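This report refers to the structure that appears directly beneath it.
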Amino acid sequence: MSTFIWLQLSVVCLLGAISPGPSLALVTTNTITKGRMYGVVTSLGHGVGITLWAFFTAIGVAKLIVETEFLLISVQFLGSFFLLYLGIRTIYAKDNFNLETLNGSFNRSWTIFSAASEGFIISLVNPKIALFFIAIFSHFVQSNADWLTIGMMGIMAGFIDAVWYLAIAITITKSGIIPFLKLREKTVNMVVGGIFIFISIYLLISLVGALLIGFYQ
(Lines give C-alpha, C1' and ligand atoms only; values in the text may rest on other atoms or scores of the structure.)
Protein backbone atom coordinates (compact mmCIF):
# COMPACT_ATOMS: atom_id res chain seq x y z
CA MET A 1 0.00 0.00 0.00
CA SER A 2 1.12 3.56 -0.63
CA THR A 3 2.21 5.92 2.13
CA PHE A 4 -0.94 7.99 1.61
CA ILE A 5 -3.18 4.96 2.18
CA TRP A 6 -1.28 4.07 5.35
CA LEU A 7 -1.76 7.63 6.54
CA GLN A 8 -5.49 7.46 5.79
CA LEU A 9 -5.73 4.15 7.63
CA SER A 10 -3.96 5.54 10.69
CA VAL A 11 -6.36 8.51 10.83
CA VAL A 12 -9.36 6.18 10.52
CA CYS A 13 -8.02 3.97 13.33
CA LEU A 14 -7.51 7.02 15.55
CA LEU A 15 -11.04 8.27 14.89
CA GLY A 16 -12.37 4.82 15.69
CA ALA A 17 -10.42 4.74 18.94
CA ILE A 18 -11.48 8.17 20.21
CA SER A 19 -15.19 7.68 19.50
CA PRO A 20 -17.06 7.27 22.81
CA GLY A 21 -18.53 3.93 23.76
CA PRO A 22 -18.32 1.01 26.23
CA SER A 23 -14.55 0.68 25.78
CA LEU A 24 -13.90 4.26 26.83
CA ALA A 25 -16.24 3.82 29.79
CA LEU A 26 -14.38 0.68 30.89
CA VAL A 27 -10.88 2.17 30.66
CA THR A 28 -12.01 5.33 32.44
CA THR A 29 -13.80 3.42 35.19
CA ASN A 30 -10.95 0.98 35.79
CA THR A 31 -8.48 3.86 35.98
CA ILE A 32 -10.61 5.88 38.39
CA THR A 33 -11.56 3.02 40.70
CA LYS A 34 -8.45 0.83 40.61
CA GLY A 35 -5.61 3.14 39.73
CA ARG A 36 -3.28 4.04 36.90
CA MET A 37 -1.65 0.67 36.32
CA TYR A 38 -4.98 -1.13 36.19
CA GLY A 39 -6.14 1.36 33.57
CA VAL A 40 -2.86 1.01 31.67
CA VAL A 41 -3.07 -2.79 31.53
CA THR A 42 -6.75 -2.57 30.55
CA SER A 43 -5.70 -0.30 27.67
CA LEU A 44 -3.01 -2.73 26.53
CA GLY A 45 -5.46 -5.64 26.63
CA HIS A 46 -7.90 -3.60 24.58
CA GLY A 47 -5.18 -2.87 22.03
CA VAL A 48 -4.48 -6.60 21.65
CA GLY A 49 -8.18 -7.19 20.98
CA ILE A 50 -8.23 -4.44 18.35
CA THR A 51 -5.20 -6.02 16.66
CA LEU A 52 -7.13 -9.29 16.53
CA TRP A 53 -10.20 -7.57 15.03
CA ALA A 54 -8.07 -5.92 12.38
CA PHE A 55 -6.49 -9.26 11.52
CA PHE A 56 -9.90 -10.96 11.40
CA THR A 57 -11.16 -8.23 9.08
CA ALA A 58 -8.18 -8.55 6.76
CA ILE A 59 -8.58 -12.31 6.35
CA GLY A 60 -12.37 -12.20 6.08
CA VAL A 61 -13.36 -13.75 9.43
CA ALA A 62 -15.04 -10.55 10.67
CA LYS A 63 -17.20 -10.41 7.56
CA LEU A 64 -18.20 -14.03 8.14
CA ILE A 65 -19.25 -13.17 11.70
CA VAL A 66 -21.36 -10.21 10.57
CA GLU A 67 -22.99 -12.16 7.74
CA THR A 68 -23.72 -15.19 9.95
CA GLU A 69 -26.75 -14.15 11.99
CA PHE A 70 -26.22 -16.63 14.81
CA LEU A 71 -22.59 -15.60 15.34
CA LEU A 72 -23.38 -11.89 15.20
CA ILE A 73 -26.25 -12.20 17.67
CA SER A 74 -24.07 -14.29 19.98
CA VAL A 75 -21.35 -11.62 19.99
CA GLN A 76 -23.91 -8.89 20.65
CA PHE A 77 -25.47 -10.81 23.54
CA LEU A 78 -22.06 -11.54 25.03
CA GLY A 79 -21.20 -7.86 24.85
CA SER A 80 -24.44 -6.80 26.51
CA PHE A 81 -24.14 -9.31 29.36
CA PHE A 82 -20.48 -8.49 29.90
CA LEU A 83 -21.38 -4.81 30.34
CA LEU A 84 -24.16 -5.83 32.72
CA TYR A 85 -21.65 -7.86 34.74
CA LEU A 86 -19.25 -4.91 34.87
CA GLY A 87 -22.04 -2.63 36.07
CA ILE A 88 -23.17 -4.95 38.86
CA ARG A 89 -19.57 -5.64 39.89
CA THR A 90 -18.80 -1.93 40.08
CA ILE A 91 -21.86 -1.10 42.18
CA TYR A 92 -21.31 -3.89 44.71
CA ALA A 93 -17.50 -3.89 44.75
CA LYS A 94 -15.83 -3.12 48.06
CA ASP A 95 -12.65 -1.07 48.33
CA ASN A 96 -12.62 -0.29 44.62
CA PHE A 97 -10.18 2.55 45.25
CA ASN A 98 -7.25 0.29 46.05
CA LEU A 99 -4.41 2.30 47.59
CA GLU A 100 -1.81 -0.21 46.39
CA THR A 101 -2.67 0.35 42.76
CA LEU A 102 -3.03 4.09 43.29
CA ASN A 103 0.45 4.25 44.75
CA GLY A 104 1.95 2.29 41.88
CA SER A 105 2.41 -1.17 43.40
CA PHE A 106 1.03 -3.57 40.83
CA ASN A 107 2.74 -6.91 41.18
CA ARG A 108 -0.13 -9.34 41.59
CA SER A 109 -0.32 -11.57 38.53
CA TRP A 110 -4.04 -12.23 38.94
CA THR A 111 -4.75 -8.50 39.00
CA ILE A 112 -2.73 -7.99 35.83
CA PHE A 113 -4.62 -10.82 34.15
CA SER A 114 -7.96 -9.39 35.29
CA ALA A 115 -7.20 -5.93 33.90
CA ALA A 116 -5.86 -7.24 30.59
CA SER A 117 -8.72 -9.70 30.13
CA GLU A 118 -11.37 -7.01 30.73
CA GLY A 119 -9.85 -4.77 28.07
CA PHE A 120 -9.43 -7.68 25.69
CA ILE A 121 -12.97 -9.02 26.15
CA ILE A 122 -14.69 -5.64 25.77
CA SER A 123 -12.82 -5.06 22.51
CA LEU A 124 -14.02 -8.40 21.13
CA VAL A 125 -17.68 -8.15 22.16
CA ASN A 126 -18.22 -4.40 21.66
CA PRO A 127 -20.71 -4.18 18.75
CA LYS A 128 -19.42 -0.72 17.79
CA ILE A 129 -15.95 -2.11 17.14
CA ALA A 130 -17.24 -4.96 14.97
CA LEU A 131 -19.25 -2.56 12.83
CA PHE A 132 -16.32 -0.16 12.56
CA PHE A 133 -14.00 -2.80 11.16
CA ILE A 134 -16.55 -4.18 8.72
CA ALA A 135 -17.93 -0.85 7.51
CA ILE A 136 -14.72 1.21 7.39
CA PHE A 137 -11.51 -0.71 8.04
CA SER A 138 -12.38 -3.41 5.51
CA HIS A 139 -12.24 -0.88 2.65
CA PHE A 140 -8.49 -0.53 3.18
CA VAL A 141 -7.87 -4.26 2.84
CA GLN A 142 -6.67 -5.13 -0.66
CA SER A 143 -7.47 -8.52 -2.13
CA ASN A 144 -3.82 -9.14 -3.02
CA ALA A 145 -2.40 -8.08 0.36
CA ASP A 146 0.32 -10.38 1.67
CA TRP A 147 0.56 -11.64 5.26
CA LEU A 148 3.18 -9.03 6.18
CA THR A 149 0.87 -6.20 5.13
CA ILE A 150 -2.07 -7.77 6.95
CA GLY A 151 0.02 -8.16 10.09
CA MET A 152 1.26 -4.57 9.91
CA MET A 153 -2.32 -3.30 9.53
CA GLY A 154 -3.39 -5.21 12.62
CA ILE A 155 -0.41 -4.06 14.68
CA MET A 156 -0.93 -0.44 13.65
CA ALA A 157 -4.63 -0.51 14.56
CA GLY A 158 -3.90 -2.07 17.94
CA PHE A 159 -0.98 0.29 18.63
CA ILE A 160 -3.01 3.43 17.90
CA ASP A 161 -5.88 2.16 20.03
CA ALA A 162 -3.63 1.24 22.96
CA VAL A 163 -1.78 4.57 22.84
CA TRP A 164 -5.07 6.50 22.91
CA TYR A 165 -6.41 4.66 25.94
CA LEU A 166 -3.02 4.80 27.67
CA ALA A 167 -3.18 8.57 27.25
CA ILE A 168 -6.66 8.54 28.81
CA ALA A 169 -5.51 6.47 31.79
CA ILE A 170 -2.41 8.58 32.42
CA THR A 171 -4.25 11.89 32.01
CA ILE A 172 -6.93 10.86 34.51
CA THR A 173 -4.40 9.88 37.17
CA LYS A 174 -2.23 12.94 36.55
CA SER A 175 -5.17 15.30 36.90
CA GLY A 176 -5.49 14.72 40.65
CA ILE A 177 -9.13 13.77 40.37
CA ILE A 178 -8.79 10.31 41.94
CA PRO A 179 -8.23 11.47 45.57
CA PHE A 180 -11.26 13.73 45.15
CA LEU A 181 -13.36 10.83 43.86
CA LYS A 182 -12.12 8.48 46.58
CA LEU A 183 -13.93 10.62 49.14
CA ARG A 184 -17.12 9.92 47.18
CA GLU A 185 -16.45 6.25 46.42
CA LYS A 186 -20.00 4.98 46.90
CA THR A 187 -21.45 7.67 44.65
CA VAL A 188 -18.84 7.03 41.97
CA ASN A 189 -19.52 3.29 42.07
CA MET A 190 -23.25 3.86 41.71
CA VAL A 191 -22.84 6.28 38.81
CA VAL A 192 -20.32 4.33 36.74
CA GLY A 193 -22.02 1.02 37.49
CA GLY A 194 -25.34 2.54 36.48
CA ILE A 195 -23.82 3.73 33.19
CA PHE A 196 -22.64 0.21 32.37
CA ILE A 197 -26.04 -1.27 33.26
CA PHE A 198 -27.87 1.39 31.23
CA ILE A 199 -25.73 0.68 28.16
CA SER A 200 -26.20 -3.07 28.53
CA ILE A 201 -29.98 -2.80 28.91
CA TYR A 202 -30.16 -0.44 25.93
CA LEU A 203 -28.19 -2.90 23.79
CA LEU A 204 -30.30 -5.84 24.96
CA ILE A 205 -33.59 -4.03 24.23
CA SER A 206 -32.31 -2.99 20.79
CA LEU A 207 -31.17 -6.52 20.04
CA VAL A 208 -34.39 -8.18 21.21
CA GLY A 209 -36.43 -5.59 19.33
CA ALA A 210 -34.51 -6.26 16.13
CA LEU A 211 -34.99 -10.00 16.57
CA LEU A 212 -38.76 -9.61 17.12
CA ILE A 213 -39.11 -7.36 14.08
CA GLY A 214 -37.22 -9.88 11.98
CA PHE A 215 -39.34 -12.72 13.38
CA TYR A 216 -42.67 -11.11 12.48
CA GLN A 217 -41.65 -9.96 9.03
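Computed from a predicted structure; not experimentally measured. Positions are given from 1, in the same order as the sequence printed here.
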task: Identify the heavy atoms of Ile155 and Thr51 that sit nearest to each other, and give their distance.
output: N-CG2, 4.0 Å
field: Sequence neighbours excluded, every pair satisfying side-chain hydrogen bond (donor to acceptor under 3.5 Å, both in side chains) that has a member inside residues 155-171
entry: His46-Asp161
Glu118 and Tyr38, any side-chain heavy atoms less than 4.5 Å apart: yes
field: Within residues 192-205 or reaching into it, pairs that qualify as side-chain hydrogen bond (donor to acceptor under 3.5 Å, both in side chains) - sequence neighbours excluded
entry: none
- line: Sorted by chain and residue number, the side chain to side chain contact (heavy atoms under 4.5 Å, CB included) partners of Leu14 (sequence neighbours excluded) come out as Ile18, Ile160
- prompt: Mind checking whether Leu52 and Ile50 sit in one hydrophobic cluster, side chains of I, L, V, M, F, W, Y counted as touching below 4.5 Å?
  reply: yes
query: Do any N or O atoms from the side chain of Ser123 and from the backbone of Phe120 form a donor-acceptor pair under 3.5 angstrom?
result: yes
message: Within this structure, what is the CE-CG distance for the pair Met153 and Leu9, rounded to the nearest 0.5 Å?
response: 5.0 Å
query: How many angstroms lie between atom CE of Met156 and atom SG of Cys13, to the nearest 0.5 angstrom?
result: 4.5 Å
- prompt: Are any of the side-chain heavy atoms of Phe77 and Leu204 separated by less than 4.5 Å?
  reply: yes
query: Are Ile197 and Phe81 joined in one hydrophobic group, where the rule is that I, L, V, M, F, W and Y side chains link up if heavy atoms are under 4.5 Å apart?
result: yes
query: Thr173 and Arg36: which non-hydrogen atoms are nearest, and at how many Å?
result: OG1-NE, 3.0 Å
- prompt: Do Ile170 and Ile112 share a hydrophobic cluster, counting only Ile, Leu, Val, Met, Phe, Trp and Tyr and linking them when any side-chain heavy atoms are less than 4.5 Å apart?
  reply: no
message: I'd like to check Trp6 versus Met152 (side-chain heavy atoms, cut-off strictly below 4.5 Å). Are they in contact?
response: yes
query: Rounded to the nearest 0.5 Å, what separation is found between the CD1 atom of Ile122 and the CG atom of Leu26?
result: 6.0 Å
- prompt: side chain to side chain contact (heavy atoms under 4.5 Å, CB included) between Thr3 and Leu7: does it pass, once the steps are laid out?
  reply: CA-CA 6 Å; Thr3 303; Leu7 181 60; 5.6 Å; no
Single hit among Thr31, Leu166, Val27 for side-chain contact (heavy atoms from CB on, under 4.5 Å) with Val40: Leu166
field: Shortest non-hydrogen contact between Ala54 and Ala157, atoms and distance
entry: CB-CB, 4.0 Å
